[in-house]
Structure formats: structure tokens, C-alpha cells
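What follows is a set of notes on a single structure, which appears directly below.
Position 1 is the first residue of the sequence; numbering continues from there.
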Amino acid sequence: SPMSRGGEMVYIPDDSDFSSFRDQCESLEGWHCRYNKAGVTVWSQGQEESCSVQKIKTRISCKDVPAETLYDVLHDTHYRKKWDSNMIETYDIGRLTVNADVGYYSWKCPSPLKNRDFVTLRSWLPLGNDYMIINYSVKHPKYPPRKDFVRAVSLQTGYLIKANGARACVLYYLTQVDPRGSLPKWVVNRVSQFVAPK
């Protein structure tokens with residue numbers, strides 16, 4: 001059954017997509033620092049503060065975690081509930097290629113907001129000491145929007161993990177999500193200062 005990305009057909013990210021993602025993670029141009037404490041930095045880009053579709057980037061220094069371990073943890077769907085306190089449910093829908101799959105993820109939003117869910121195509125690329133995982137939303141005929149959730153849209157979300165010696169690494173998390181539905185201004189304003197670092 002065919003999936004679509006908005007009106008476009010689905011495509012598997014290629015080397016140029018991963019390269020572009022890495023450049024966005026490592027570039028400082030056009031990014032505004034919103035938070036910087038205890039090895040965690042958060043930037044936002046582009047749109048006005050009041051716009052709900054912001055691009056947000058987080059960089060975290062991990063002193064005692066090898067890059068490979070962090071990559072395995074981020075990849076492990078079953079383990080996610082141990083560290084992602086906002087997650088309601090996640091599961092794999094199907095494998096597309098050796099390095100791409102489609103999955104479902106639902107997320108608790110602070111009251112009084114309705115919870116959000118996503119269906120995304122996820123693709124990954126281990127490159128020696130560096131690892132990348134990127135995703136974007138797709139529509140799947142067997143997983144239509146549900147009444148109890150607002151179906152949000154990941155325009156682009158991903159992780160870049162860079163080894164920093166044998167037992168340390170740097171994690172970049174970059175996301176641009178359309179939360180859909182109406183969001184109060186205070187929620188939008190808190191995303192970069194509060195939600196992202198958490």
C-alpha cells in the first residue's frame with residue numbers, strides 16, 4: 001500500500017540528505033542561542049517566536065557515553081519508554097530498506113493540550129565514528145489519524161552523534177515539527193527554553 005508525504009511520493013533519504021542534515025547541525029549561521037547550561041545548548045532558527053513551526057536544534061555533550069552506545073539507545077524502540085517520559089506508545093510499522101523503516105509514535109502534551117502522534121519514515125547512516133538518524137512524516141493508509149490524538153507533522157527531525165574520543169560523544173538533535181491544531185502562545189515560547197533542553 002503506497003504511502004505519501006503530503007502530495008509527494010515517499011522517498012528514502014540519500015547521501016545528500018544526510019550531508020545537508022549534518023551541515024544544519026554543525027552550522028551556527030542563522031541560528032539564535034536560546035539556552036546554554038551544563039553542556040546543553042539550544043538554538044532556534046528562522047520564523048518569529050510566535051510562529052508554531054520553529055526549527056530547533058539542541059547540542060549535548062555526553063562525557064561517559066560512547067557514540068555507538070548512544071546510537072543503539074536512540075534506535076531501540078522497546079527501550080525508548082525507559083528514557084522518554086513524554087512517550088505514550090511507539091512501534092515499528094514496517095521495514096523499507098536495510099536502513100529505513102516506518103514507525104508510529106505518540107506523545108503526551110501538557111494539559112490542556114490534546115496529545116500528538118506521528119507516523120514517520122526513519123532512515124539511518126552509521127559513518128565510522130559518526131552516526132545519523134533522520135525522519136519525516138508520511139501518510140500510511142493503514143494508520144490514519146485517530147480521534148484521541150492530533151496528528152502532528154515532522155517536516156524534518158533527526159540526530160547526529162559524533163564520537164569525541166573512545167568514551168565520549170556529542171549529540172545534536174534537530175527538529176522542525178508542525179504541531180497542528182491551535183497552540184497557546186506560551187506553549188510556543190516555552191519550546192526552545194524549556195521543552196527542548198528537557
Side-chain angles (χ1 to χ4, degrees), residues 18 20-77 79-88 90 105-113 115-116 118 120 122 124-127 129-136 152-179 183-198:
F18 280 105
S20 158
F21 179 77
R22 177 199 286 272
D23 290 347
Q24 287 187 75
C25 287
E26 295 182 326
S27 160
L28 289 174
E29 200 176 325
W31 291 93
H32 307 286
C33 185
R34 301 284 180 201
Y35 178 97
N36 190 1
K37 278 186 202 145
V40 178
T41 311
V42 180
W43 297 266
S44 67
Q45 188 184 57
Q47 285 84 3
E48 308 306 309
E49 274 286 294
S50 59
C51 172
S52 63
V53 185
Q54 293 183 46
K55 203 181 258 191
I56 291 187
K57 174 168 70 174
T58 308
R59 180 187 188 274
I60 304 168
S61 298
C62 305
K63 292 197 170 58
D64 301 312
V65 186
E68 192 180 6
T69 304
L70 187 50
Y71 177 65
D72 287 346
V73 165
L74 291 173
H75 242 302
D76 188 335
T77 311
Y79 188 67
R80 185 162 188 139
K81 57 175 75 69
K82 299 262 190 212
W83 61 269
D84 185 351
S85 56
N86 292 313
M87 186 190 89
I88 298 168
T90 189
Y105 174 82
S106 54
W107 186 57
K108 278 195 288 258
C109 287
S111 176
L113 305 180
N115 294 331
R116 264 48 181 181
F118 298 85
T120 59
R122 178 176 70 155
W124 54 90
L125 185 67
L127 279 178
N129 290 327
D130 296 354
Y131 302 85
M132 282 181 276
I133 304 171
I134 58 181
N135 79 50
Y136 68 84
V153 175
S154 166
L155 300 166
Q156 179 188 42
T157 298
Y159 302 97
L160 165 64
I161 304 157
K162 294 174 64 71
N164 190 2
R167 295 212 44 83
C169 64
V170 174
L171 168 68
Y172 288 91
Y173 171 66
L174 187 146
T175 184
Q176 187 175 22
V177 166
D178 182 347
L183 291 183
K185 195 168 174 192
W186 66 266
V187 172
V188 176
N189 288 339
R190 281 180 72 186
V191 168
S192 57
Q193 282 92 348
F194 180 75
V195 180
K198 193 162 180 277

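For the pair Asp84/Tyr105, a side-chain contact is recorded, criterion being any heavy-atom separation below 4.5 Å from C-beta on. With contacts defined as side-chain heavy-atom distances shorter than 4.5 Å, the pair Ile133/His75 qualifies. Side-chain atoms of Cys62 and Ile60, non-hydrogen and from C-beta on, do get closer than 4.5 Å to each other. Counting heavy atoms from C-beta on, the side chains of Asn135 and Gln156 never come closer than 4.5 Å. With contacts defined as side-chain heavy-atom distances shorter than 4.5 Å, the pair Tyr172/Thr58 does not qualify. Contact of the Leu70 side chain with the Leu171 side chain is registered, since non-hydrogen atoms from C-beta on lie closer than 4.5 Å. Asn129 places none of its side-chain heavy atoms less than 4.5 Å from the side chain of Lys162. No side-chain heavy atom of Thr120 sits under 4.5 Å from any side-chain heavy atom of Tyr136.
Put simply, the residue from Gln45, Lys57, Lys55 that forms a side-chain hydrogen bond (donor to acceptor under 3.5 Å, both in side chains) with Gln24 is Lys55. Across Asn115, Asn86, Ile88, Val177, a single residue satisfies side-chain contact (heavy atoms from CB on, under 4.5 Å) together with Trp107, and that is Asn86.
Between atom CZ of residue Arg22 and atom CG of residue Leu125 there is a gap of 8.5 Å, rounded to the nearest 0.5 Å. Between atom CE of residue Met132 and atom CH2 of residue Trp124 there is a gap of 14.0 Å, rounded to the nearest 0.5 Å. One finds the OG atom of Ser154 at 10.5 Å from the CG atom of Asp178 (value rounded to the nearest 0.5 Å). Separation of atoms CG (Asp64) and OG1 (Thr69) is listed at 11.0 Å; rounding is to 0.5 Å.
Residues passing the side-chain hydrogen bond (donor to acceptor under 3.5 Å, both in side chains) test with Glu68: none are found, sequence neighbours excluded. Listed by chain and residue number, nothing satisfies the side-chain hydrogen bond (donor to acceptor under 3.5 Å, both in side chains) test with Ser106 (two or more places apart in sequence, or in another chain). For Asn36, the side chain to side chain contact (heavy atoms under 4.5 Å, CB included) test picks out Cys33, Thr41, with sequence neighbours left out.
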Item to complete: Could you please spell out the steps behind the side chain to side chain contact (heavy atoms under 4.5 Å, CB included) verdict for Trp83 and Leu74?
Response: CA-CA 10 Å; Trp83 61 269; Leu74 291 173; 3.9 Å; yes

Worksheet item: Where do Thr157 and Tyr173 land on the side chain to side chain contact (heavy atoms under 4.5 Å, CB included) test, with the steps shown first?
Response: CA-CA 8 Å; Thr157 298; Tyr173 171 66; 3.7 Å; yes

Discussion item. Would Thr90 and Arg80 count as a side chain to side chain donor-acceptor pair (under 3.5 Å) here? Give the steps.
Written reply: CA-CA 8 Å; Thr90 189; Arg80 185 162 188 139; 6.0 Å; no

Worksheet entry | Test side chain to side chain contact (heavy atoms under 4.5 Å, CB included) applied to Tyr159 and Tyr71, step by step | CA-CA 9 Å; Tyr159 302 97; Tyr71 177 65; over 6 Å; no

Fill in: Check against ring pair (Phe, Tyr, Trp, His ring centres under 6.0 Å), His32 and Trp43
CA-CA 5 Å; His32 307 286; Trp43 297 266; over 10 Å; no

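The shortest non-hydrogen separation linking Cys25 to Leu160 is CB-CD2, 3.7 Å. Considering every non-hydrogen atom in both Ser44 and Arg34, the closest pair reads OG-NE, 2.7 Å. In this structure, Ala166 and Pro66 approach most closely via the heavy-atom pair O-CB, 3.7 Å. Considering every non-hydrogen atom in both Trp31 and Ile56, the closest pair reads CZ3-C, 4.1 Å. Across all their heavy atoms, Pro179 and Arg116 have their closest contact at O-NE, 2.9 Å.
Heavy atoms from other residues, nucleotides or ligands lying under 6.0 Å from CG of Asp23 number more than 12.
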